[in-house]
Amino acid sequence: METRHTHTICPYCGCGCGLYLVSEGDTLTGTLPSSRHPVSRGSLCVKGWNSHEFVNHPARLARPLLREGEGFAPTDWDRALNEVATSLSAISKRHGPDSVAFLSSAKMTNEENYLMMKLARAVYGTNNIDHCARLCHASTVAGLAETFGSGAMTNSIGDFDEADLFLVIGSDTTAQHPLIGTRIVKSVLDRGAKLIVFDPRTIELVKYATLSARQRNGSDVALVNGLMNAIITAGLQDEAYIAARTEGFEELRKLVAAYTPERVEELSSVPARDLVEAARLYAGAKKAMIVYAMGITQHVSGVEGVQALANLAMLTGHVGFPGTGVNPLRGQNNVQGACDMGALPDVVSGYQKVADPAVREKFAKAWGVPRLPDKPGLAATEIMNGAAAGTIKAIYIVGENPAVSDPDTNHVRKALSKLEFLAVQDIFLTETARFAHVVLPASSFAEKDGTFTNTERRCQRVRKAVACPGEAREDWRVIADIARRAGYNGMNYAHPSEIMAEAASLTPIYGGISYDRLETFGLQWPCPGASHPGTPVLHVEKFTRGKGAFKPRDYKAPAETPDAEYPFVLSTGRLYWHWHTRSMTGRTSTLERESPDCFVEISPADAKTLGVRKGEKLKVSSRRGTITVRAEVTERVKAGSVYVPFHYGEAAANLLTIAALDPVAKIPEFKICAVRLEKAGA
Amino acid sequence: MSTYLLRKTDVRPLLKEASAVWDIFAPLREGVGDVNFKALPKDRLAEALENLVLDDEPTLLSPKTIFFPQNETMFAFGSGGIREQVESSPKLLFGVTSCDLSGLLFSDGFFAKDFPDRYYLSRSENRLIIVKGCLKPPRQGSCFCASAGTGPFAQRGFDLQLVDLGGEYLVEVGSGKGESFILAHSAFFASGDGRERAAEAVKRDATATLGPGVDFDKALRLMVTGDFEKNFARIGERCVYCGACLYVCPTCTCFNVVDRADGGSGSRMRTWDGCVFEGYTREASGHNPRPSKTARTARRYEHKLKYDPLVAGRSGCVGCGRCLDSCPVGIGMSKFIREVADGTEEM
């Protein structure tokens with residue numbers, strides 16, 4: 001049988017590597033990297049190399065399912081779609097539009113996310129739409145929008161090849177963004193670039209660090225304020241840049257004056273001399289990049305953490321030039337795009353606010369509806385609270401698995417089971433789908449055309465390599481079908497390129513993006529016009545908002561700190577081998593074999609105190625739940641801290657985590673809660 | 001050995017004619033401009049032939065993957081019993097580099113030895129290999145065939161070999177199968193008499209251009225006697241476990257076998273595997289005889305450079321340079337061999 005190659009984009013992280021899928025008929029048989037692609041450059045991480053394998057797994061959902069007692073019975077599309085459309089309509093009518101909510105997916109294409117938010121707003125009249133960005137970079141979107149005017153990575157992945165220094169804080173880069181992490185490694189080893197790593201765990205990058213320290217969990221704002229204090233004390237701030245490009249410096253100066261290295265050492269446990277040295281290195285570098293991820297954002301002080309970093313970069317003039325910037329690494333393959341397309345409760349596509357009457361009018365006119373809802377909707381975390389409280393009656397979830405991925409999942413599972421109606425559209429029968437009344441079989445990345453936007457704002461073409469299994473359908477078709485059955489006539493598309501054309505016409509930052517311009521390596525937004533080349537570096541010469549705004553932020557303590565009853569700090573995170581709730585990587589033989597079960601990392605000192613050997617089972621309990629996992633005794637974590645990867649549904653770390661939210665971004669504090677450890681036999 | 005001439009302008013018409021009998025595999029430019037060694041689609045043959053690449057551009061994977069795909073279904077099972085999937089279509093590989101031919105011959109030896117592997121052997125039983133020697137290194141700075149003794153032109157194992165004489169190729173015949181192919185398409189071939197000396201000069205020049213970059217033989221000798229634990233430790237620490245070096249290697253033949261089932265039906269599949277992964281040597285008890293990155297790195301290099309020469313009679317590295325080019329942190333066989341031969345620190 002003939003083998004075919006299809007050039008497309010990796011479905012895992014926000015790096016957005018270009019790869020070829022190898023297929024024989026409708027079976028994928030391999031993956032290979034693109035040598036010319038600007039991100040992958042002939043390489044992939046192990047997930048990328050094996051990205052095809054889950055697609056053909058026999059457990060793929062291939063028929064629509066209807067709830068029948070405790071289980072499901074197969075049904076036909078006609079009935080399933082009608083059931084979804086009419087249930088949502090009926091509940092919306094009975095309890096009001098805001099009793100219905102929509103969870104879109106950072107795994108779907110831009111076009112599909114655009115349709116999801118159009119479905120929520122134009123068809124069902126609610127802004128209750130959100131997606132997992134709420135759980136990862138909501139703090140970034142809010143924090144950087146306020147300081148810089150644009151809540152996205154300021155620079156490009158190619159910039160990692162020219163930076164003189166990297167300040168990596170709260171990002172396990174080689175594990176989570178391998179093709180960015182390896183650029184850092186090569187820059188250090190081959191070009192002599194300097195590397196500063198702040199992370200509560202000894203991550204892989206620490207091996208290459210010029211300077212590294214393990215700050216106390218949740219002390220990041222204090223730590224970054226301390227860096228700024230040391231910079232100002234040494235007179236290393238960029239006065240010319242501050243004067244020309246920023247506003248609010250005096251307030252910042254006053255606030256950080258209180259964060260002396262000695263006080264910060266007390267708060268963060270980072271030695272004062274290391275803090276001063278790191279400040280000197282960062283401020284003194286010609287081109288310095290700040291790189292961060294969930295270690296900064298997943299806190300009740302997530303927005304403050306992001307803004308502290310923005311302050312630091314502006315203080316030293318490290319924004320607006322190649323090889324510099326504030327670089328949040330976006331997690332999912334298309335979490336940037338899902339945000340760009342307005343799968344968020346307060347903005348439509350291109351971060352245009354629903355509260356702005358002109359925006360609503362523009363979209364209402366284009367969508368052929370009399371009006372659009374003006375009140376910002378609920379965030380994903382609030383939607384679950386609403387379901388638990390009974391104010392949210394129905395949810396349509398596409399490609400998300402909150403029953404494993406959300407904090408305090410006992411609460412989430414209870415909330416899901418209280419819903420009057422739940423529709424879940426996914427490629428496998430996930431833990432969340434088990435709560436559904438209707439399950440719709442969806443398409444994987446290999447089965448549809450569309451675009452993904454990677455962490456550097458590069459909108460790239462995704463191409464169909466094989467047909468969906470069985471009766472499964474492309475998500476954009478399913479969403480449009482639901483809209484039609486709900487009586488809406490404005491979602492008729494023959495191909496995703498037509499959806500992008502509509503989105504681009506309404507979204508200034510995507511204004512110049514069309515499929516004929518995306519054939520090779522895509523375009524980086526903002527790309528406002530048909531001949532605009534795209535924007536590799538943001539905030540050149542001036543910030544998107546005009547002047548960069550210093551936002552002085554005080555340190556505040558985490559929501560839950562250890563006490564006598566729950567004496568350990570638990571941090572959660574991800575592993576190199578797995579992706580999120582493991583519905584794809586758990587069905588990829590090499591990846592699953594490398595890390596088949598959940599574990600808790602515990603320091604040798606704590607293991608000794610508890611009398612635990614490597615491999616022994618430990619009960620880890622918080623105020624919200626208990627899991628039993630294997631002990632991994634390792635120096636990676638400090639005494640008093642433990643770490644559990646959140647991938648494993650059967651021992652879900654999120655049964656333990658706390659749903660304490662950042663008040664602005666509504667992101668939960670996944671990175672800190674208090675737990676107790678006991679030997680499982682005891 | 002008889003020789004023929006093939007005009008470059010006749011290559012595409014020849015392949016078109018041959019496609020009536022053969023599935024043709026060749027280096028094709030595709031997608032976003034990459035060159036991949038892959039099948040010419042029969043329904044879009046003319047278009048695909050336009051994308052045929054005749055100069056020495058690197059292909060990411062070796063032709064080994066045609067006979068040993070990354071995921072291969074061995075059989076499907078279910079209520080109807082077992083349906084085995086074997087494939088043996090006639091395959092013409094055009095434009096194989098000499099180092100890749102060495103890799104194919106190495107893999108042939110592995111899959112035919114001890115326990116004949118019917119999946120690989122049936123895929124490869126009906127094949128014709130047309131080698132095209134390189135005039136310049138496809139992977140400048142990474143490949144080293146002249147040092148490894150695997151190129152730029154092949155000594156044996158090919159059916160036909162092309163030597164670039166400018167507007168035409170001198171065609172060397174290496175097997176009866178190759179001779180038959182020429183007879184079957186005789187309109188495209190003229191006698192090569194009198195051009196052999198020109199071809200020898202081209203080969204000599206190419207060999208001089210392509211190497212020797214490293215003292216490969218010295219490295220192989222030192223692998224037996226020397227101690228390279230420090231090198232392994234340094235390289236192992238740097239490795240990020242992407243698996244690229246084994247996925248792109250023309251002689252890596254390891255695979256894992258897994259069942260993919262949903263209820264009582266599914267398929268048994270094999271998938272590329274290899275020694276850099278921790279799970280590859282982890283035993284059922286959890287014990288791992290290769291527990292560290294250092295130990296797994298040592299296994300890879302010692303297998304290729306120390307034990308393959310002892311067991312298979314030839315090095316497991318053919319000098320193609322792919323491992324270095326596809327490694328995101330710059331680890332590669334050519335660097336290691338230089339470390340061993342010259343006592344330097346390349347990585």
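Computed from heavy atoms alone, side chains included, the values below leave out hydrogens, waters and symmetry copies. Naming: A, B, ... by sequence-line order, numbering from 1 per chain. Owing to the predicted nature of the structure, the values given are computational and were not obtained by experimental measurement.
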Enquirer: What are the two closest non-hydrogen atoms of V329(B) and T182(A), and how far apart are they?
Expert: CG1-CG2, 3.6 Å

Enquirer: Under a 4.5 Å cut-off applied to non-hydrogen side-chain atoms, are E53(A) and Q70(B) in contact?
Expert: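 Result no, sub-4.5 Å side-chain heavy-atom pair not found.
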
Enquirer: Can you name the closest pair of heavy atoms from A244(B) and W49(A) and give their distance?
Expert: CB-NE1, 3.5 Å

Enquirer: Do E30(B) and H5(A) have side-chain atoms, one donor and one acceptor, less than 3.5 Å apart?
Expert: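 Yes, side-chain donor-acceptor contact under 3.5 Å.
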
Enquirer: So, taking the atom named CD in E278(B) and the one named CD in E594(A), what distance separates them when rounded to the nearest 0.5 Å?
Expert: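 Answer for the CD-CD pair, E278(B) versus E594(A), is 6.0 Å.
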
Enquirer: Before you tell me yes or no, could you show the steps for N50(A) and W272(B) under side-chain contact (heavy atoms from CB on, under 4.5 Å), namely the whole-Å CA-CA distance, both residues' side-chain angles and the distance that decides it to 0.1 Å?
Expert: CA-CA 10 Å; N50(A) 290 282; W272(B) 292 347; over 6 Å; no

Enquirer: Nearest 0.5 Å please: distance from the CG atom of N36(B) over to the CG atom of L32(A).
Expert: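 Atom-to-atom, N36(B):CG and L32(A):CG are 5.0 Å apart.
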
Enquirer: Would you name the heavy atoms of P41(B) and E2(A) that are closest together and state the gap between them?
Expert: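 Closest approach of P41(B) to E2(A), heavy atoms only: CB-OE2, 3.1 Å.
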
Enquirer: Among S34(A), C45(A), G181(A), G615(A), single out the residue with the greatest number of heavy-atom pairs under 4.5 Å to chain B.
Expert: S34(A)

Enquirer: Quick one: do E237(B) and K207(A) make a salt bridge, cutoff under 4.0 Å?
Expert: yes

Enquirer: Would you mind checking if D273(B) and R593(A) are paired as a salt bridge, meaning a charged N to carboxylate O distance below 4.0 Å?
Expert: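 A salt bridge links R593(A) with D273(B).
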
Enquirer: With a 4.5 angstrom heavy-atom cut-off, is it the side chain or the backbone of R270(B) that approaches chain A, or both, or neither?
Expert: neither

Enquirer: Minimum heavy-atom separation for T271(B) to S589(A), with atom names?
Expert: CG2-OG, 3.4 Å

Enquirer: So that I can tick it off, tell me whether R36(A) and E57(B) are bridged by a salt bridge, with the cut-off set at under 4.0 angstrom between side-chain N and carboxylate O.
Expert: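 So E57(B) pairs with R36(A) through a salt bridge.
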
Enquirer: Could you give the distance from OG (S43(A)) to CG (L60(B)), rounded to the nearest 0.5 Å?
Expert: 8.5 Å

Enquirer: Assign the ring pair Y241(B) / W577(A) to parallel, tilted or perpendicular, where the plane angle (0 to 90°) is split at 30° and 60°.
Expert: tilted

Enquirer: Against chain A, label E72(B) side chain, backbone, both or neither, depending on which of its atoms sit under 4.5 Å from a heavy atom there.
Expert: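 Contact with chain A involves no heavy atom of E72(B) at all.
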
Enquirer: Less than 4.5 Å to any heavy atom of chain A: does that hold for the side chain of A39(B), its backbone, both, or neither?
Expert: both

Enquirer: Can you tell me how far the CG atom of D34(B) sits from the OG atom of S40(A), to the nearest 0.5 Å?
Expert: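 Those atoms lie 8.0 Å apart.
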
Enquirer: Shortest non-hydrogen contact from H7(A) to G31(B)?
Expert: CB-CA, 4.3 Å

Enquirer: Do L61(B) and Y20(A) have side-chain heavy atoms sitting under 4.5 Å apart?
Expert: no

Enquirer: Run the salt-bridge test on E592(A) and R260(B) with the 4.0 Å N-O cut-off and return the result as yes or no.
Expert: no

Enquirer: Kindly give the heavy-atom pair with the smallest separation between Y576(A) and V240(B), and that separation in Å.
Expert: OH-O, 3.1 Å

Enquirer: Among T8(A), L189(A), V185(A), L179(A), single out the residue with the greatest number of heavy-atom pairs under 4.5 Å to chain B.
Expert: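 Highest number of pairs under 4.5 Å: L189(A).
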
Enquirer: Name the member of E204(A), R587(A), R4(A), R41(A) that forms the most heavy-atom pairs with chain B at distances under 4.5 Å.
Expert: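 That would be E204(A).
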
Enquirer: Please determine whether a side-chain nitrogen of the Lys or Arg among R238(B) and D190(A) lies less than 4.0 Å from a carboxylate oxygen of the Asp or Glu.
Expert: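 Counted as a salt bridge, because a side-chain N and a carboxylate O are separated by less than 4.0 Å.
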
Enquirer: Side chain, backbone, both or neither: which part of P178(A) has an atom under 4.5 Å from a heavy atom of chain B?
Expert: neither

Enquirer: How far does OG1 of T3(A) sit from CZ of F25(B), to the nearest 0.5 angstrom?
Expert: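 Nearest 0.5 Å value for the OG1-CZ distance: 5.5 Å.
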
Enquirer: Going from OG1 on T27(A) to CG on N71(B), what distance comes out if it is rounded to the nearest 0.5 angstrom?
Expert: 10.0 Å

